[in-house]
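Notes to accompany the following structure.
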Amino acid sequence: TGLLLWGKPWHVDEPFFLSIARQILRDPLHPLAFEFNWYGRAAPMGSLNNTPPLLAYLLAGALRLGGGSEFWTRALFFPMDLAASWGLLALAARFLKRPLLPVLIVLAGPAWALDMHHVMAERAMAAFAFPAIWLFVKAAEEGGVRELRASAALACLAVLSKYNAVFLLPVAVGWGLARGMPKRRLAAWCAAAVAGAAAWQAWSWVSGANPGLAAWSVASQASGALWSAPSHKLRSLLCFTGGCGVAAAAWGAALRPSRRILLACAAASAVLLSPFFDLAPIVRPVDRATGFLLAWGAMVSLGALATGRRTRGAPLWACWAASVAVLQLSYWSVLARFVVLLLPPLTFWLAERLEDERADAPRLMAGTLAACVALSVAIGLVDWTYASAQRDAARLVARQYPGRALWTTAHWGLQEYVAAEGGKPLDLARGAWDEVKPGGIVIVTKVNSNIIRPSRPLRARTQGWTIQSPVPLRHMSGWTGEGAFYSSVMGFLPWSLSKEPV
């Protein structure tokens with residue numbers, strides 16, 4: 001699926017990382033020594049960035065080799081995709097009789113298919129993290145020192161790609177203790193895993209570069225804001241888990257849990273998806289029903305795993321899933337690119353149970369894979385339409401009004417392509433809309449991030465476009481739906497059954 005999406009226009013957070021990579025090409029020793037407008041006003045990149053440096057340097061190399069094109073820059077990360085996929089397959093093969101189908105189900109699901117082709121930190125992190133888990137499991141079971149050291153080195157690179165890779169530490173500690181690994185050896189592994197990120201932090205503070213962890217901390221503290229209410233985050237996490245990983249929503253019921261579990265999960269889902277916990281003024285019945293089914297399916301799977309027969313891999317999968325879930329619930333928003341880390345342990349754990357308890361497990365897995373592919377292709381087409389609209393709007397306006405000052409009120413891919421046409425985003429520190437002089441052109445979009453709206457009525461000549469997609473799924477809803485694939489700030493569903501404009 002990623003191969004089909006490599007040529008997609010730059011999208012969501014990619015321009016943020018591209019700006020750092022371009023700075024590295026200009027000045028490799030000072031990757032954050034520039035200002036960037038990402039939240040409505042220009043600020044030092046050091047105060048904005050909350051990602052360690054490895055991805056940016058890899059991306060800088062890919063930009064240089066790929067000539068800056070979307071297709072080739074993404075394609076050059078393909079070896080990392082292979083490493084992540086191979087790590088999952090090698091890990092699943094230690095616990096499953098038929099590991100290929102469960103791994104393909106993870107790779108074909110919407111979360112992986114749409115997110116893991118982006119040149120963002122999760123893509124690099126997965127390439128190091130999943131082989132690191134496999135090597136650690138192998139070392140813990142076979143006592144191999146070489147494998148343990150290699151695992152620690154890969155974990156270090158994973159954390160240097162994305163701080164969220166600290167989810168590896170509870171995974172290693174849980175499985176290591178379960179297999180009787182000496183505590184001193186476990187502590188050494190954990191120290192090695194975070195050593196690179198710690199060195200980066202120390203250098204940044206000493207040099208004054210400030211990698212932005214303070215800004216990340218402030219954003220996390222803001223998680224108490226209305227859109228991050230605990231009930232909303234919990235319903236979003238369950239819906240994203242069920243909707244991004246088809247197996248997580250469907251296989252729990254296939255394990256034939258008790259009637260008590262089915263009814264208890266249905267009641268909990270009904271309460272959580274009730275109007276009492278809505279943040280939007282109006283939630284469509286179809287979105288509430290979709291949310292109920294996805295959350296119920298995810299809870300049934302968790303209930304079946306918690307109460308059923310203990311499998312050999314259960315300690316590993318449980319530590320992995322719990323570690324990611326705690327991190328995600330601590331984050332400011334539920335994101336599909338975060339939930340993607342939760343899907344492998346849940347899928348493999350469910351697959352272990354299915355192999356032992358159902359003779360028709362291969363057929364059930366094949367059907368799930370087909371459903372994953374169909375859903376991912378459908379959402380991918382909508383995602384491509386949206387990303388292309390951002391690029392095409394910037395190019396069309398620049399050609400329609402040559403020589404005019406060009407602005408945008410939003411960010412993501414639109415900002416990237418407006419900048420490519422010589423324009424820039426409005427800046428609150430410089431008066432935002434007051435910057436626009438007669439004759440200037442401003443591109444306003446309905447679905448985007450950090451949109452700056454006029455504080456008072458303005459005289460303007462307007463022209464509008466409505467972008468549609470025939471696929472009746474919306475991964476980001478800007479009108480009435482709850483689709484919110486890239487952030488639960490927009491709603492509580494990863495995708496919504498809708499034909500509203502893209």
Side-chain angles (χ1 to χ4, degrees), residues 1-2 5-6 8 10-18 20-21 49-59 62 73-88 103 106-133 154-169 171 193 196-197 212 216 237 240-241 244-245 320-321 323-347 376 379-380 383 387 412 475 484-488 494:
T1 308
L5 295 172
W6 286 348
K8 189 174 71 174
W10 298 125
H11 196 24
V12 287
D13 287 349
E14 286 182 307
F16 184 91
F17 298 110
L18 288 167
I20 302 175
N49 180 55
N50 58 17
T51 302
L54 184 55
L55 168 73
Y57 282 94
L58 293 171
L59 182 52
T73 302
R74 290 200 181 101
L76 286 166
F77 276 78
F78 185 56
M80 307 196 100
D81 302 338
L82 292 177
S85 304
W86 175 83
L88 289 177
V103 171
V106 171
L107 301 181
W112 189 288
L114 266 70
D115 278 319
M116 288 303 196
H117 71 272
H118 288 136
V119 286
M120 294 198 292
E122 289 77 12
R123 191 173 183 183
M125 177 181 69
F128 302 119
F130 296 151
I133 296 174
L154 288 173
C156 179
L157 292 174
V159 180
L160 269 173
S161 301
K162 182 82 172 179
Y163 293 121
N164 292 344
V166 295
F167 85 88
L168 292 170
L169 273 63
V171 177
W216 181 85
L237 179 57
F240 273 57
T241 301
C244 292
W320 184 345
S323 179
V324 174
V326 169
L327 273 177
Q328 173 62 102
L329 289 172
S330 303
Y331 204 59
W332 68 275
S333 176
V334 175
L335 312 167
R337 60 188 170 94
F338 210 133
V339 172
V340 71
L341 302 173
L342 186 60
L343 301 180
L346 291 180
T347 303
S376 295
I379 298 178
D383 200 44
W412 289 351
H475 65 304
F485 190 85
Y486 288 111
S487 171
S488 64

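Values below: every heavy atom of this structure, side chains too, minus hydrogens, waters and symmetry copies. None of these values were measured; they are calculated from a predicted model.
- The two atoms that bring A21 and L59 nearest to each other are CB-CG, 3.7 Å, heavy atoms only.
- You'll find the side chain of S85 stays beyond 4.5 Å of the side chain of V103, heavy atoms only.
- The backbone N or O of A108 sits less than 3.5 Å from a side-chain atom of S376, completing a donor-acceptor pair.
- Atom CZ of residue F17 and atom CG of residue L55 lie 6.0 Å apart, to the nearest 0.5 angstrom.
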- Task: Verify side-chain contact (heavy atoms from CB on, under 4.5 Å) between C156 and F128, making sure each step is shown before the conclusion.
- Result: CA-CA 8 Å; C156 179; F128 302 119; over 6 Å; no
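- Residue T241 holds its OG1 atom at 4.5 Å from CG of L342, rounded to the nearest 0.5 Å.
- Residues F485 and P110 approach most closely at CZ-O, 3.5 Å, considering heavy atoms.
- Listed here is the closest heavy atom pair of L54 and L157: CD2-O, 3.5 Å.
- Between S323 and F167, the closest heavy-atom pair is OG-O, 3.0 Å.
- Contact between A336 and C244 at its shortest, heavy atoms only, is CB-SG, 4.0 Å.
- Checking side-chain atoms of R123 against main-chain N and O of M116 turns up a donor-acceptor pair under 3.5 Å.
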- Start with the C-alpha distance between N164 and V159, add both sets of side-chain angles, then the distance that settles side-chain contact (heavy atoms from CB on, under 4.5 Å), and finish with yes or no. CA-CA 7 Å; N164 292 344; V159 180; over 6 Å; no
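- Without hydrogens or angle criteria, Q328 side chain to S333 main chain gives a donor-acceptor distance under 3.5 Å.
- For Y486 and H11, the gap between ring centers is short of 6.0 Å.
- Note that OG of S488 and CH2 of W332 are 7.5 Å apart. Values are rounded to the nearest 0.5 Å.
- One distance of note links CG of L327 with CZ of F338; it measures 4.5 Å at 0.5 Å rounding.
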- Task: Please lay out, stage by stage, how F78 and W6 fare under the test ring pair (Phe, Tyr, Trp, His ring centres under 6.0 Å).
- Result: CA-CA 10 Å; F78 185 56; W6 286 348; 5.4 Å; yes
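- We find the NZ-CG distance between K162 and L160 to be 13.5 Å, quoted to the nearest 0.5 Å.
- Taking the side chain as every heavy atom from C-beta outward, Y163 and N50 never approach each other to under 4.5 Å.
- Applying the side-chain contact (heavy atoms from CB on, under 4.5 Å) rule to P344 yields the partners L88, V106, F130, W320, F348; only residues at least two apart in sequence or on another chain are considered.
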- Test side-chain contact (heavy atoms from CB on, under 4.5 Å) on M80 and L58 and set out the steps. CA-CA 11 Å; M80 307 196 100; L58 293 171; 3.7 Å; yes
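- With respect to E14 and K8, no salt bridge is recorded, no charged nitrogen being found less than 4.0 Å from a carboxylate O.
- The structure places CG of L341 at 8.5 Å from CH2 of W112, a figure rounded to the nearest 0.5 Å.
- The shortest non-hydrogen separation linking L5 to R74 is O-NH1, 3.8 Å.
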- Test V324 against V339 for side-chain contact (heavy atoms from CB on, under 4.5 Å), laying out the working first. CA-CA 8 Å; V324 174; V339 172; over 6 Å; no
